[in-house]
Amino acid sequence: MLQPMGWDAFGLPAENAAMANGVPPAKWTYDNIAYMKKQLQSLGFAIDWERELATCSPRYYRWNQWLFLRMLERGLVYKKTGTVNWDPVDQTVLANEQVIDGRGWRTGALIEKREIPMYYLRITAYAEELLASLDELPGWPERVKTMQANWIGKSHGVNIGFPYELGGEKKLLRVFTTRADTLMGATFCAVAAEHPLAAHAAKSDPKLAAFVEECKRGPMMEADLAQLDKKGMPTGLFVTHPISGEKIEVWVGNYVLMAYGEGAVMGVPGHDERDFAFAKNYGLPIKPVIDVGGKPYSTDAWQPWYADYGRCVNSGKYDGLDYRAAVETIAADLKRKGLGDKQITWRLRDWGISRQRYWGTPIPIVHCPSCGDVPVPDGELPVVLPENLVPDGTGNPLAKTPSFVNCKCPKCGKAAKRETDTMDTFVDSSWYFLRFACPDQEKAPVDERVQYWMPVDQYIGGIEHAILHLLYSRFWTKVMRDLGLISVGEPFTKLLTQGMVLNEIFYRKEGGGRITYYNPADVELKHDDKGQRVGAVLRSDGKPVESDGIGTMSKSKNNGVDPQDLIEKYGADTARFFIMSTSPPEMTLLWSDAGVAGASRFLSRLWESAYEFRQTIQPNLPAKRTLARVRLPEGLAGTRREVHLNLKQATFDVLRAQFNTVTSACQKILNALRAAPKEPAAAHAEIFEEGLSVLLLLLSPISPHISHYLWRELGFGKDVLKAPWPETDARALEQDEIELVLQVNGKLRGHMRAPKSARAACARARRGDALHQWPGGEEGRRGSRAAGQCGRLTVSCTLPPRPRSSLAAASSSAARRSCLSRRFTFREARRS
RNA sequence: GCCGGGAUGGCGGAACUGGUAGACGCAGCGGACUCAAAAUCCGCCGGUGGCAACACCAUGUGGGUUCGAUUCCCUCUCCCGGCACCA
C-alpha cells in the first residue's frame, strides 16, 4: 500500500497571488506547500513523504520537457495557430476564466481574439483507443465513462463534396454529415467564418467581410458560442448538389464550428433544428425528404420528430430506403463520382499546450534565424524557469527577461531566442502518479520500479476532472507505453470521483469592470424579522456585497475554507470524523460548520464510556469468554444484535466507500452499549468489551488517534491499525421473534410480534385480527406475499380492487394478478 | 445550447435487490441537575385532523408501470459540474 502526495504547483493561482502580493510565484508556492504539508501531517494521514514531489521543481518538470521532445520525434507534437483571448489594455493573453462578460477581469477592456502559433499534442491519434479501452475500466463510474465517450465523440457519417468553380479552377466544398440520408433535402450550405471560402468571398463584399469579422470577434468558449443567435450571410457563391446537380448557395453561419469536421455543413432545414431555424430566419427553402411513420409534415414550426429516422421521400432513386440503406447507397454513389465517401469524425480535438505565461514548464525549443525551431538537446535539459520574476499582468515576464530569452542555437551556435511559452499545467498532472514510483531517479522519468506499482489501484479525484485531466492522463499513459517506458495502457484501475465542496460566492464590482471576491467567512448575512435573507455585508466595512450564488470552492472565487480552524478548535480526530460523516464522497457538499460540535461530543462520550468500562465493567469480565455459547438474556442479546447489525452494515459501507454511514454505525453502537442492561454483570461486561472493540476498529480509519489510544488503554492490543477487521457473528443476528409488518395493497396496516418461521408468522397473522377490519377479510386475502427487511417480515394481502362480481374487476390487471398469486409466499429477511 | 449528475423534515443526510420513508447527527422545544449559567443527562421533534386509538397527506413537478415506487420509465422545473487557457 502506497499513499503518496505531490504538489500540482504550476499555474495561474500562483501568478495571481504574486501580482496581488508583489512576491514571486515561487516563494508563494513554496510557502503554501509548507503550510499545507503541516496541515496534512497534523490531520494524521498515512502519507509517504519520502516520495513527495512538486511539479514546479526542475527535477520534475525536466521530464515534461524530455517527454515533449520524445513526442516531437514521434510526430506527436506539431505547430499550428490557435485562438487566444487578447486584452488590448494589458497587452496580454487571458485565460477563459479571466474573461468575464467579454471583458478582461483586471482592465475591464473588451477582449479580442488573436491567432498565434502554438504547439499541439496529437491526442486524436489515440482517439480510437481512448474510446475503446473505456470498456476495460469496470472500476470507473459509468457517468465518467459516458462523459469521456461523448467528449471523444466518434461519429460515423459521410464526407460529401459539393463541386464549384472559382477563377476557372474546379474545387470541392467538403462537408461532413451523419445524416447523408437527408442529402436530397439540402437547400444551402453554411461555412464557418474562419473557412477559406468565407475569406475569399469577403474580399469582394465589404458587408460580408464585416460579418466575418464580427463572428471572429465573438466569444471563444463553446458554451458562449452555442448560445449566440443563429446568424448568417450569403457569400454569393454557389456550389452544385452532388446528386441532383442543383445550384446551392453558400452562406457564412456563426453556428458552424471550424474546429469540427470540415468547418462546413450542408443545410437540411427539413430535418435539422438549427438549419430549420436558420432557413426560417432567412427565407431559405425547406424540403422534407424523410417520412417518419406517415406523420404530417408542416414547415410552419419545428417538431422534434422531424429529426427522427425514417424512409426517404422526395429523393428520386433513394425513395423508400431506410436510414442505413440510404446512407450506404448515397455514399456508394458519391464515391463512384469521386465526390465523397463514408468517414468517421471525432469531436475530440488535438491538445494545444502552449501558454503565454510565466509559471509553467518552459517549452524546450530554441528559435534560430537560420535553423528555425530547434529542439533543446537532452543534455541541456532542463530549461530552467527563473524563480525570481514577479508578473505584473502585462504579458509574459519570461519574454521580458533577456537572460532567459537570449541563447545560442544548439545546431549552428549562433545567437537565437528561446521559446517563452510554457506548457499547459495539465501536462504536469498527466503523469505525476508514475513518478511517485521512483521520485529519486535522475536519469529517466521512470524506471523499472514503476512496473511494481502501476497501475494505480484506487485513484481519487474531483468530478470536475471527469473529462480533461482523466483523459489527458489516459492519453499520456498510452504514449509512455508506446515509448517503451511503462507497460500499462490505463493508469487508474478504480476511480472514485469526489463531489465538490461548494460554498457561497460574494463579490463587488469596482470601477473599470474589475471584480473582487470576498470570503464567506468575512461576510455577514442580513435577515428580516421573518428570517428571510435580505442581503449580505462585508464585516470589515459593513457595506453590502453581491452574491454570485453557490459554486466550487476555488482560489479565484475566494470562497475556500481552511480546515486548520477546525483542527485547532476540535483536533484532527473530530475534524476527520465530521468531514467523513457529513455526506458520501461522491456527493457535492455545501459547506457548513454546524455539526462539528456533535462529532466532538460523540468522541467525548466514547472516551468516557471507555474509562467507565475500564474502571467498573472490565473487572466483571469472566475468565472464560462465553458469548458464542451461552444464551444471553433478551435485553443484552438485543445489544449484541445491534453491535453486529451495525458491524455488518459498516463493513458493507466501507467497501462501497460510503463512509458517512460508517460514522453513523459507530454512533449507533455506542448508543446501544450505553443503553444496555447492566445485569448480569459478567454478560454485560462481555458484550461491552466486544462492542467497544468493534467500535474502535470501525472508527480507527476515521479517527485514528483516539482509536489507537483507547485500543491500547483497554488492553485490546498494541496497535489498532494492525488488528484485523472484525467479523460479523451470524448467531448474534438471530431472533426468536420478529416484528411483522402487515401491508394491505402496499399500505402499512399494522404491526405484530411473530415467530421467526415465516410459515408460523403468516399463520399467526391470519389468526390475528389486525387484518380483519379490511374489506374482504379472510375471504379477500387472495394474493399475499411476504417481503422481509431489517429482520422483519412484511405480509401484504392483496384485495381485488372492486367487488368480484364487477366486470371491470375481472378485466383489471390487479384482480388478475391477485388471482394468480393465490398462495402465501415467504421470503426470509436478508439480515435475520 | 450540448454532455453528465442532483433534488428526501428547519439543516446535513439514511433507506442494501421496489417492501415500516425520515436511521444517525445538527438546530429547536420541554424537563432534570445548578444559587445561576455552561457542560451533561432524560423526553419531544414532517404536515393536517383527532382526547386518543388512528386516519389522511408527504421524498422538486406532472404522468406511467406495479398489490406496493425515494428506488424503475417518460415529461417538465430548479440547482451543480464540464464545454478544450481555472485545475
Side-chain angles (χ1 to χ4, degrees), chain A residues 8 11-13 16 82-85 93-99 142-144 146-147 150-151 153 220-228 255 259 274 348-352 354-357 424-426 428-429 462-469 471 499-500 502 531 549-552 554-557 578 581-584 586-590 592 594-599 601-602 604-605 608 649 652-653 656 658 660-661 663-668 671 739 741-748 751 783-790 792 794 796-799 801 813-814 817-818 821 827 830-831:
Chain A
D8 190 13
L12 266 191
N16 293 335
T83 315
V84 294
N85 304 301
V93 174
L94 295 183
N96 283 338
E97 77 155 3
Q98 297 174 315
V99 180
E142 270 326 301
R143 58 172 167 158
V144 174
T146 308
M147 280 190 258
N150 290 341
W151 182 263
M220 196 174 114
M221 284 177 280
E222 196 193 302
D224 298 331
L225 224 51
Q227 296 191 79
L228 294 175
Y255 67 98
R274 279 174 312 182
L348 181 67
R349 307 203 293 260
D350 277 334
W351 175 12
S354 295
R355 298 289 180 272
Q356 297 68 44
R357 261 181 268 290
D424 181 2
T425 54
F426 274 126
D428 309 322
S429 55
I463 184 64
E464 73 271 25
H465 292 302
I467 296 174
L468 293 181
H469 163 60
L471 192 66
M500 278 164 299
L502 310 179
I550 288 159
T552 322
S554 72
K555 289 193 190 90
S556 60
K557 297 281 166 75
F578 168 64
S581 69
T582 199
S583 78
E586 283 96 341
M587 216 182 263
T588 54
L589 163 69
L590 183 56
S592 132
V596 193
R601 273 198 291 269
F602 164 70
S604 307
R605 273 201 304 272
E608 274 167 30
Q649 184 232 307
F652 177 75
D653 288 340
R656 62 172 176 157
Q658 201 186 75
N660 58 325
T661 45
T663 63
S664 141
C666 291
Q667 293 179 319
K668 286 181 190 174
N671 290 347
E739 189 185 343
V741 174
L742 307 174
Q743 283 185 335
V744 178
N745 288 343
K747 287 195 173 174
L748 175 65
H751 301 253
S784 297
R785 50 194 285 260
Q789 199 207 4
C790 299
R792 293 163 206 176
T794 305
S796 129
C797 299
T798 305
L799 304 165
S813 68
R817 207 172 300 258
S818 66
S821 50
R827 188 148 63 117
R830 280 158 46 86
R831 280 205 175 153

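Just so it is clear, the model here is predicted, and its values are computed rather than measured.
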Original post:
Considering heavy-atom distances to RNA chain B, does A/Glu97 or A/Ala223 have its closest nucleotide positioned more toward the 5' end?
Top reply: A/Ala223
Original post:
What's the closest nucleotide to the A/Met500 side chain, out of B/G82, B/G1, B/G81?
Top reply: B/G81
Original post:
Across the strands shown, which category fits A/Trp351 at heavy-atom distances under 4.0 angstrom: base, sugar-phosphate, nothing?
Top reply: nothing
**OP:** May I have the distance from A/Asp224 (atom CG) to B/C83 (atom C1'), rounded to whole angstrom?
**Re:** 10 Å
Subject >> Nearest to side-chain heavy atoms of A/Ser664, which nucleotide of B/A87, B/C83, B/C24 >> reply: B/C24
Original post:
Given the rule that a pair is Watson-Crick or G-U wobble with both distances under 3.5 Å, how would you write RNA chain B in dot-bracket, using | for pairs to a different strand?
Top reply: (((((((..(((......[....))).(((((.......))))).((((....))))..(.(((..]....))).))))))))....
Subject >> Set of residues satisfying side-chain hydrogen bond (donor to acceptor under 3.5 Å, both in side chains) with respect to A/Glu142, sequence neighbours excluded >> reply: A/Lys145
Subject >> For A/Asp653, salt bridge (charged side-chain N to carboxylate O under 4.0 Å, His left out) partners two or more places apart >> reply: A/Arg656
Original post:
Can you tell me how far C1' in B/G1 sits from the matching atom in B/A27, rounded to whole Å?
Top reply: 41 Å
**OP:** Write down the distance between CG (A/Leu94) and C1' (B/C86), rounded to a whole number of angstrom.
**Re:** 13 Å
Original post:
Does A/Gln658 place a side-chain N or O at less than 4.0 Å from the phosphate oxygens OP1/OP2 of B/C24?
Top reply: no
Grab the N/O contacts between the protein and nucleotides 25-32 of chain B below 3.5 Å, and write none if there aren't any.
residue : atom : partner  : partner atom : Å
B/G25   : OP1  : A/Asn671 : ND2          : 3.1
B/C26   : OP1  : A/Arg601 : NE           : 3.2
B/C26   : OP1  : A/Arg601 : NH2          : 2.6
B/A27   : OP2  : A/Arg601 : NH2          : 3.3

Original post:
Between A/Asn85 and A/Val93, is any pair of side-chain heavy atoms under 4.5 Å apart?
Top reply: no
Original post:
With a 4.0 Å cut-off on heavy atoms, is A/Leu228 in touch with a base, just the backbone sugar-phosphate, or nothing at all?
Top reply: nothing
**OP:** Could you check whether A/Gln356 gets within reach of a base, just the sugar-phosphate, or nothing at all, counting any heavy atom under 4.0 Å?
**Re:** base
Provide a list of protein-nucleic acid N or O atom pairs under 3.5 angstrom, restricted to nucleotides 5-13 of chain B.
residue : atom : partner  : partner atom : Å
B/G5    : O2'  : A/Arg143 : NH1          : 3.3
B/G12   : O2'  : A/Thr582 : O            : 2.6
B/G12   : O2'  : A/Thr582 : OG1          : 3.1
B/G13   : O3'  : A/Asn660 : ND2          : 3.2

**OP:** Name the nucleic acid region contacted by A/Gly499, choosing base, sugar-phosphate or nothing; use a 4.0 angstrom heavy-atom cut-off, strictly under.
**Re:** nothing
Original post:
Among B/A23, B/G4, B/A84, which nucleotide sits nearest the side chain of A/Lys668?
Top reply: B/A23
Original post:
Is a side-chain N or O of A/Gln227 found less than 3.5 angstrom from the main chain of A/Asp224, in a donor-acceptor match?
Top reply: no
Original post:
Taking the six-membered ring for Trp, are A/His469 and A/Phe426 parallel (under 30°), tilted (30 to 60°) or perpendicular (over 60°)?
Top reply: parallel
**OP:** Take the protein atom CD1 of A/Ile463 and the nucleotide atom P of B/G81, then report the distance between them rounded to whole Å.
**Re:** 12 Å
Subject >> Straight-line distance of A/Ile550 CD1 to A/Leu590 CG, nearest 0.5 Å >> reply: 5.0 Å
**OP:** Remember a base hit wins even if backbone is also touched, and classify A/Leu12 as base, sugar-phosphate or nothing at under 4.0 Å, heavy atoms.
**Re:** sugar-phosphate
**OP:** Find the distance A/Glu464:CD to B/A84:C1' and express it as a whole number of Å.
**Re:** 16 Å
Original post:
Base, sugar-phosphate, or nothing: which does A/Phe426 touch, judged by heavy atoms less than 4.0 Å apart?
Top reply: base
Subject >> Full working for side-chain contact (heavy atoms from CB on, under 4.5 Å) between A/Ile463 and A/Arg143 >> reply: CA-CA 10 Å; A/Ile463 184 64; A/Arg143 58 172 167 158; 3.8 Å; yes
Original post:
On a whole-Å scale, what distance lies between the P atoms belonging to B/G12 and B/G18?
Top reply: 27 Å
**OP:** Using a 4.0 Å heavy-atom cut-off across all strands, classify A/Asp8 as base, sugar-phosphate, or nothing.
**Re:** sugar-phosphate
Original post:
How would you label the contact of A/Val84 with the nucleic acid (heavy atoms, under 4.0 Å): base, sugar-phosphate, or nothing?
Top reply: base
Original post:
When you compare B/C56 with B/U8, how far apart are their P atoms, in angstrom units rounded to a whole number?
Top reply: 26 Å
Are any protein N/O atoms closer than 3.5 Å to N/O atoms in nucleotides 76-78 of chain B? If there are, list each pair with its distance.
none

